[in-house]
Amino acid sequence: MAAERTLVIIKPDAVQRGLIGEITARFERRGLKIAAMRFETVSRETAEQHYGEHQGKPFYEGLVDYITASPSVLMVLEGPDAIAITRTTMGATKPAEATPGTIRADFGLEIGRNLVHGSDSAESAAREVGLFFGEGGIVDYERAIDTWVLE
Ligand code: DAT
Ligand code: MG
């Protein structure tokens, strides 16, 4: 199938625990390409847009406080079925229900500190990639490969 793009966030708890490399490596080893990457503290305004679907739920304020607390790694991953493959690599939302071998099972205990975000559908991916990388910064892999230094 055609390559897809999805938004991944390595959330503040994972950054604070020194898991950027470990988590990024799992996506890279599956063969997904990092098409964009940025390190920053997400603003409250952006977090509220990103998690707009959860507004009004009991965990919403805590979720926005958590994601804006300290720096995250924002990434666009690209590849065949990137959206679904990212979600299965992450594991279920609740670490207690995540399958061993997934990021959330291997490193997480609590739903409110579940380490990583990945877009859940083509519509969410388009919206979230636009929200975080609408100003640019995404590599065009088709073109980049023409100038690759390794043969
Ligand atoms: P996912 O991150 O797997 O797409 P989601 O979109 O349903 O899950 O929820 C977004 C985040 O909100 C999730 O990663 C953790 C938090 N969250 C969801 N349900 C929660 C709950 N019942 N209690 C606390 N936090 C919750
Ligand atoms: Mg979600």
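One-based numbering, in listed order, for ligands and for the atoms of each.
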To the nearest 0.5 Å, atom CE of M37 lies from atom CD1 of I20 at 7.5 Å
protein heavy-atom neighbour closest to atom 22 (N) of ligand 1 works out as F59 CD2, 3.8 Å
Discussion item. Quick test of your reading of the model: are R26 and E22 salt-bridged, counting only N-O distances below 4.0 Å?
Written reply: yes
Is there a donor-acceptor contact under 3.5 Å linking the side chains of T102 and T99? no
So the atoms of ligand 1 within less than 4.0 Å of a heavy atom of K11 turn out to be 14 (O)
Heavy atoms of I9 and I67 approach each other most closely as CG2-CD1, 4.4 Å
If you scan protein heavy atoms around atom 4 (O) of ligand 1, the nearest is R87 NH1, 2.8 Å
Going by heavy atoms in the side chains, are Y60 and E48 under 4.5 Å from each other?
yes
Among R104, H50, K94, R113, the residue with a heavy atom nearest to atom 2 (O) of ligand 1 is R104
shortest atom 14 (O) of ligand 1-to-protein heavy-atom contact is with N114 ND2, 2.8 Å
When distances are taken from atom 15 (C) of ligand 1, the protein heavy atom at minimum range is I111 O, 3.4 Å
Correct closest heavy-atom pair for P95 and T93 would be CD-O, 3.3 Å
Nearest non-hydrogen protein atom to atom 11 (C) of ligand 1, with distance, is L63 CD1, 3.9 Å
Atom 3 (O) of ligand 1 sits nearest the protein heavy atom T93 OG1, 2.5 Å
Between F39 and P71, the two heavy atoms sitting closest are CZ-CB, 3.5 Å
of all protein heavy atoms, closest to atom 6 (O) of ligand 1 is H54 NE2, 3.0 Å
